[in-house]
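Scroll down for the structure; my scribbles are underneath it.
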Amino acid sequence: MNVKVVPEAKAVGREAARAVAAFILRHPRTVLGLATGTTMVPFYEDLVRLYREGLLDFSQVTTFNLDEYCGVGADDPRSYHSFMREHLFRWVNLDATRIHLPDGMVEDAGSECERYEAVIDGAGGIDLQVLGIGVNGHIGFNEPHTGLGTITHVTNLDPGTVTRNQRVTGATEPLPHTAISVGVKTIMRARHLLLLAFGRDKAEALSQALEGPITDEVPASVLQLHPDLRVILDQDAAAKLQKTFLS
Ligand code: GLP
């Protein structure tokens with residue numbers, strides 16, 4: 001595990017964008033795992049900036065997002081389809097046929113999960129997966145006590161997750177309580193992982209995830225077992241870590 005602590009949120013985004021840009025420069029056909037949430041906003045801002053400056057070419061990159069709410073269409077402002085369009089896809093030269101998110105509107109969500117997992121496999125798996133973390137230690141929408149051996153599945157969201165996401169996204173319509181999420185096993189199969197977090201409310205989750213026991217009570221704790229985990233945190237998010245990580 002490689003942990004870097006930087007002064008504040010914007011620096012988390014900047015460091016992460018640089019790391020992803022360097023990866024894509026080395027591997028133009030990268031299969032990139034993407035995440036949503038407020039943590040990703042400064043990261044995508046910097047990625048778009050690097051693209052505009054001519055440093056980045058996404059034309060051969062394939063993307064897979066971690067999750068999507070059930071019953072929310074791609075044009076609904078609550079959807080992660082919308083989030084991704086707004087913060088990344090509309091600004092860069094990704095090929096629309098290489099962009100993938102679970103479809104939250106399908107009648108048979110179980111088949112959609114199987115299809116999504118198969119498309120990831122067909123692309124050769126994820127090369128680099130970017131991750132945020134929930135205040136309860138969730139990754140993707142893998143909530144506590146949902147097991148560490150999952151692949152893409154339909155999941156019930158914790159009430160606390162829905163309440164927080166409702167607040168931070170400012171969505172007026174209520175958010176669904178179910179979602180399709182890539183599983184913990186799918187995440188762990190990615191060849192490289194990049195975990196980002198900032199803010200004091202993430203400090204406890206990070207302490208448990210990075211330094212606590214590996215348990216499905218804290219799904220992110222399994223990341224300790226990944227052979228190539230890079231973590232970028234601001235000082236607030238790193239506040240409860242015991243080890244001193246040099247920045
Ligand atoms: C959301 C997403 C996760 C994200 C996490 C943190 O519910 N499904 O992929 O990492 O919660 O969200 P935020 O960055 O807004 O704190």
Side-chain angles (χ1 to χ4, degrees), residues 8-13 16-17 20 32-47 63-72 76-84 86-88 100-102 104 113 116 126 128-144 146 150 152-171 174-184 186-188 190 193-206 208-210 218-223 229-234 236-238:
E8 36 81 45
K10 278 207 175 302
V12 173
V20 171
L32 187 59
L34 295 174
T36 46
T38 49
T39 309
M40 299 300 143
V41 173
F43 160 60
Y44 290 139
E45 250 173 50
D46 267 290
L47 215 50
T63 67
F64 286 94
N65 265 82
L66 286 169
D67 43 22
E68 181 56 287
Y69 292 107
C70 289
V72 165
D76 188 307
R78 295 169 297 171
S79 72
Y80 284 155
H81 280 77
S82 292
F83 177 96
M84 291 307 301
E86 201 46 49
H87 291 283
L88 182 67
H100 305 276
L101 290 97
C113 294
Y116 199 67
I126 309 283
L128 171 60
Q129 176 68 57
V130 181
L131 291 168
I133 182 170
V135 291
N136 64 358
H138 74 230
I139 44 175
F141 267 142
N142 293 279
E143 297 281 28
T146 52
T150 52
T152 306
H153 61 291
V154 180
T155 185
N156 293 319
L157 303 176
D158 278 7
T161 298
V162 178
T163 306
R164 185 176 192 279
N165 286 1
Q166 190 84 53
R167 179 169 48 81
V168 299
T169 57
L175 289 176
H177 286 244
T178 52
I180 294 176
S181 179
V182 159
V184 173
T186 321
I187 292 170
M188 288 297 281
L193 297 180
L194 179 61
L195 173 66
L196 314 181
F198 53 75
R200 193 72 195 198
D201 62 347
K202 297 290 174 72
E204 183 57 36
L206 283 156
Q208 290 183 28
L210 302 182
V218 183
S221 63
V222 76
L223 301 178
L229 170 64
R230 185 166 176 187
V231 186
I232 305 175
L233 308 174
D234 79 341
D236 286 343

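Indexing begins at 1, ligand by ligand and atom by atom, following the structure's order.
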Would you give the length of the straight line joining atom [atom1] of [X] to atom [atom2] of [Y], rounded to the nearest 0.5 angstrom?
X: Leu193; Y: Leu223; atom1: CG; atom2: CG; answer: 6.0 Å
X: Leu66; Y: His138; atom1: CG; atom2: NE2; answer: 10.0 Å
X: Phe43; Y: Thr38; atom1: CZ; atom2: OG1; answer: 14.0 Å
X: Leu195; Y: Leu206; atom1: CG; atom2: CG; answer: 6.0 Å

Exercise for the section: Out of Gly140, Gly199, Ala220, Gly37, indicate the one that has the non-hydrogen atom closest to atom 3 (C) of ligand 1. Expected result: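 Answer by nearest heavy atom: Gly140.
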Handout entry: Option set Thr36, Val41, Leu175, Thr39, criterion heavy-atom distance to atom 4 (C) of ligand 1, minimum
Key =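 Nearest option to atom 4 (C) of ligand 1, by heavy atoms: Thr36.
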Residue [X] vicinity, atoms of ligand 1 by number, heavy atom under 4.0 Å:
X: Tyr80; result: 1 (C), 2 (C), 7 (O), 8 (N)
X: Ile133; result: 6 (C), 10 (O)
X: Asp67; result: 8 (N), 9 (O)
X: Asn165; result: 1 (C), 7 (O)
X: Gly132; result: 10 (O)
X: Arg164; result: 13 (P), 15 (O), 16 (O)

Problem - Phe83 and His87 aromatic ring geometry - parallel, tilted or perpendicular at 30°/60° bounds - result: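 Ring orientation of His87 relative to Phe83: tilted.
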Practice task
Can you pull out the closest protein heavy atom to atom 15 (O) of ligand 1? Residue, atom name and distance to 0.1 Å, please.
Solution key: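 Looking only at protein heavy atoms, the one closest to atom 15 (O) of ligand 1 is Thr38 OG1, 2.7 Å.
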Practice task
Among all protein heavy atoms, pick out the one at the shortest distance from atom 16 (O) of ligand 1; state its residue, atom name and that distance to 0.1 Å.
Solution key: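 Heavy-atom neighbour on the protein nearest atom 16 (O) of ligand 1: Lys202 NZ, 2.7 Å.
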Fill in the blank from the handout: Checking heavy atoms under 4.0 Å, the part of His138 that sits near ligand 1 is side chain
